[in-house]
Amino acid sequence: QVQLVESGGGLVQAGGSLRLSCAASGRTFSSYAIGWFRQAPGKEREFVAAVSWSTGNTYYADSVKGRFTISRDNAKNTVNLQMNSLKPEDTAVYYCAAGLKLTSNWNNVRYVYWGQGTQVTVSS
C-alpha cells in the first residue's frame with residue numbers, strides 16, 4: 001500500500017500563495033504519477049495537476065495553468081503544489097493521489113491511493 005498525507009492548507013487572501021505538500025510512504029514509486037485534486041462544496045472533484053515520479057513531467061488543468069506549480073522531491077518522497085495568485089474559486093479540499101502511469105497519456109492514470117485532504121480557503 002501507499003500512504004499519502006497532505007499538509008499546508010489554510011486560509012489565505014485572494015492573490016496570495018500557499019504551498020501544499022503530499023508526503024508518501026509505504027513503497028517505492030517508480031512508474032507512479034502523483035496528482036492533486038480538489039473538491040469544493042456542492043461541486044464534483046476535479047483534477048488540478050500531476051507529476052510523473054520517474055521523469056518529473058507535469059500536467060495541469062487549464063484552470064490553474066500559469067498559477068500553480070507541481071514538483072516532486074524524490075529524496076523526501078514528497079510532492080509539492082505551489083499555488084500562486086489564488087482566487088476564491090480555488091477554495092476547496094485538496095487531495096493528493098497516486099496511481100500508475102504506464103503510458104504518456106495523463107488521462108490513463110488510475111489513481112487508487114488517496115490522502116485525507118487539506119482545506120484551502122481563499123477569501124475575497
Side-chain angles (χ1 to χ4, degrees):
Q1 291 186 321
V2 173
Q3 295 84 44
L4 304 171
V5 180
E6 304 94 335
S7 63
L11 175 65
V12 66
Q13 191 175 0
S17 299
L18 281 175
R19 188 178 186 90
L20 305 183
S21 294
C22 175
S25 62
R27 61 173 295 166
T28 58
F29 307 106
S30 179
S31 302
Y32 272 78
I34 309 296
W36 285 97
F37 295 77
R38 66 188 183 186
Q39 187 168 26
K43 300 179 67 176
E44 297 296 318
R45 184 171 60 198
E46 65 174 335
F47 171 80
V48 176
V51 61
S52 168
W53 189 255
S54 60
T55 68
N57 290 343
T58 59
Y59 180 61
Y60 298 92
D62 289 340
S63 60
V64 305
K65 285 182 179 177
R67 300 189 299 122
F68 292 9
T69 302
I70 189 171
S71 61
R72 76 198 192 314
D73 187 334
N74 300 70
K76 296 182 178 180
N77 285 346
T78 59
V79 171
N80 298 315
L81 184 69
Q82 179 66 46
M83 306 186 296
N84 298 326
S85 301
L86 283 163
K87 306 174 181 179
E89 309 92 86
D90 297 317
T91 295
V93 177
Y94 283 70
Y95 301 88
C96 67
L100 288 174
K101 187 178 186 297
L102 302 178
T103 73
S104 61
N105 189 346
W106 287 99
N107 294 322
N108 288 340
V109 178
R110 302 291 183 259
Y111 295 95
V112 296
Y113 302 105
W114 293 81
Q116 292 299 116
T118 185
Q119 177 71 49
V120 172
T121 302
V122 184
S123 62
S124 60

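As a basis for the values below, the full set of heavy atoms in this structure was taken, side chains included, without hydrogen atoms, waters or symmetry mates.
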**Student:** Should Asp90 and Arg38 count as side-chain neighbours, where that means a heavy-atom distance under 4.5 Å?
**Tutor:** yes

**Student:** Would you call the rings of Tyr111 and Phe37 parallel, tilted or perpendicular if under 30° counts as parallel and over 60° as perpendicular?
**Tutor:** perpendicular

**Student:** Does Asp62 come within less than 4.0 Å of Lys65, counting only side-chain N to carboxylate O?
**Tutor:**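 Yes.
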
**Student:** Distance from Leu4 atom CG to Tyr113 atom OH, nearest 0.5 Å?
**Tutor:**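 That separation rounds to 9.5 Å.
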
**Student:** Under 3.5 Å, is there a donor-acceptor pair between the side chain of Glu6 and the main chain of Gln116?
**Tutor:** yes

**Student:** Would you please test Asn57 and Val51 for side chain to side chain contact (heavy atoms under 4.5 Å, CB included) and show each step?
**Tutor:** CA-CA 6 Å; Asn57 290 343; Val51 61; over 6 Å; no

**Student:** Using side chain to side chain contact (heavy atoms under 4.5 Å, CB included), reason through Met83 and Val120 one step at a time and then give a plain yes or no.
**Tutor:** CA-CA 10 Å; Met83 306 186 296; Val120 172; 3.9 Å; yes

**Student:** Within the structure provided, determine whether Tyr32 and Lys101 are in side-chain contact (heavy-atom separation under 4.5 Å).
**Tutor:**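 Not touching, per the 4.5 Å side-chain cut-off.
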
**Student:** Among Phe47, Phe68, Trp36, which residue satisfies the ring pair (Phe, Tyr, Trp, His ring centres under 6.0 Å) criterion with Tyr59?
**Tutor:** Phe47

**Student:** Rounded to the nearest 0.5 Å, what separation is found between the SG atom of Cys96 and the CH2 atom of Trp114?
**Tutor:**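 Reported value, rounded in 0.5 Å steps: 9.0 Å.
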
**Student:** Drop me the distance from Arg72's CZ to Cys22's SG, to the nearest 0.5 angstrom.
**Tutor:**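 The SG atom of Cys22 is 14.0 Å from CZ of Arg72, to the nearest 0.5 Å.
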
**Student:** Checking Ile70 against Val79 for the side chain to side chain contact (heavy atoms under 4.5 Å, CB included) test, could you report, in this order, the C-alpha distance in whole Å, the side-chain angles of both residues, the deciding distance, and whether it holds?
**Tutor:** CA-CA 7 Å; Ile70 189 171; Val79 171; 3.7 Å; yes

**Student:** Begin from the C-alpha positions of Leu102 and Ser31 and carry the test side chain to side chain contact (heavy atoms under 4.5 Å, CB included) through to its verdict.
**Tutor:** CA-CA 6 Å; Leu102 302 178; Ser31 302; 4.2 Å; yes

**Student:** What is the distance from atom CG of Asn77 to atom OG of Ser25, rounded to the nearest 0.5 Å?
**Tutor:**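 It is 8.0 Å, given to the nearest 0.5 Å.
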
**Student:** Return yes if a side-chain donor-acceptor contact under 3.5 Å exists between Ser21 and Asn80, otherwise no.
**Tutor:**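 Indeed, the side chains of Ser21 and Asn80 share at least one donor-acceptor pair under 3.5 Å.
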
**Student:** Could you tell me whether the side chain of Gln119 reaches within less than 4.5 Å of the side chain of Thr91, counting heavy atoms only?
**Tutor:** yes

**Student:** If you count the non-hydrogen atoms of other residues, nucleotides and ligands that lie under 6.0 Å from CD in Gln13, is the total more than 12?
**Tutor:**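 No, because the 6.0 Å sphere around CD of Gln13 holds 12 heavy atoms or fewer from other groups.
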
**Student:** Between Pro88 and Ser124, which heavy-atom pair has the shortest distance, and what is it?
**Tutor:**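 Closest approach of Pro88 to Ser124, heavy atoms only: CG-CB, 3.9 Å.
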
**Student:** Which pair of heavy atoms, one from Ala50 and one from Trp106, lies closest together, and at what distance?
**Tutor:** CB-CZ3, 3.5 Å

**Student:** With a 4.5 Å cut-off on side-chain heavy-atom distances among I, L, V, M, F, W and Y, is there a chain of contacts connecting Leu100 to Ile34?
**Tutor:**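 Same cluster.
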
**Student:** How about Asn108 and Arg110: does a side-chain donor come under 3.5 Å of a side-chain acceptor?
**Tutor:**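 No, no side-chain donor-acceptor contact under 3.5 Å.
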
**Student:** Any side-chain donor-acceptor pair under 3.5 Å between Asn105 and Thr103?
**Tutor:**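 Result is no, nothing qualifies.
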
**Student:** Using only heavy-atom distances, determine whether the side chains of Asn84 and Gln82 contain a donor-acceptor pair under 3.5 Å.
**Tutor:**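 Yes, Gln82 and Asn84 have a side-chain donor paired with an acceptor closer than 3.5 Å.
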
**Student:** So, Arg67 side chain and Ser85 main chain: donor-acceptor pair closer than 3.5 Å or not?
**Tutor:** yes

**Student:** Does the Asn74 side chain pair with the main chain of Trp53, one donor and one acceptor, at a distance under 3.5 Å?
**Tutor:**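 It does hold such a pair.
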
**Student:** Same cluster for Val112 and Val2 if Ile/Leu/Val/Met/Phe/Trp/Tyr side chains link at under 4.5 Å?
**Tutor:** yes

**Student:** To the nearest 0.5 Å, what is the distance between CG (Leu81) and OG1 (Thr118)?
**Tutor:**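 It comes to 11.0 Å.
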
**Student:** When rounded to the nearest 0.5 angstrom, what distance separates CG in Leu86 from OG in Ser123?
**Tutor:**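 It comes to 10.0 Å.
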
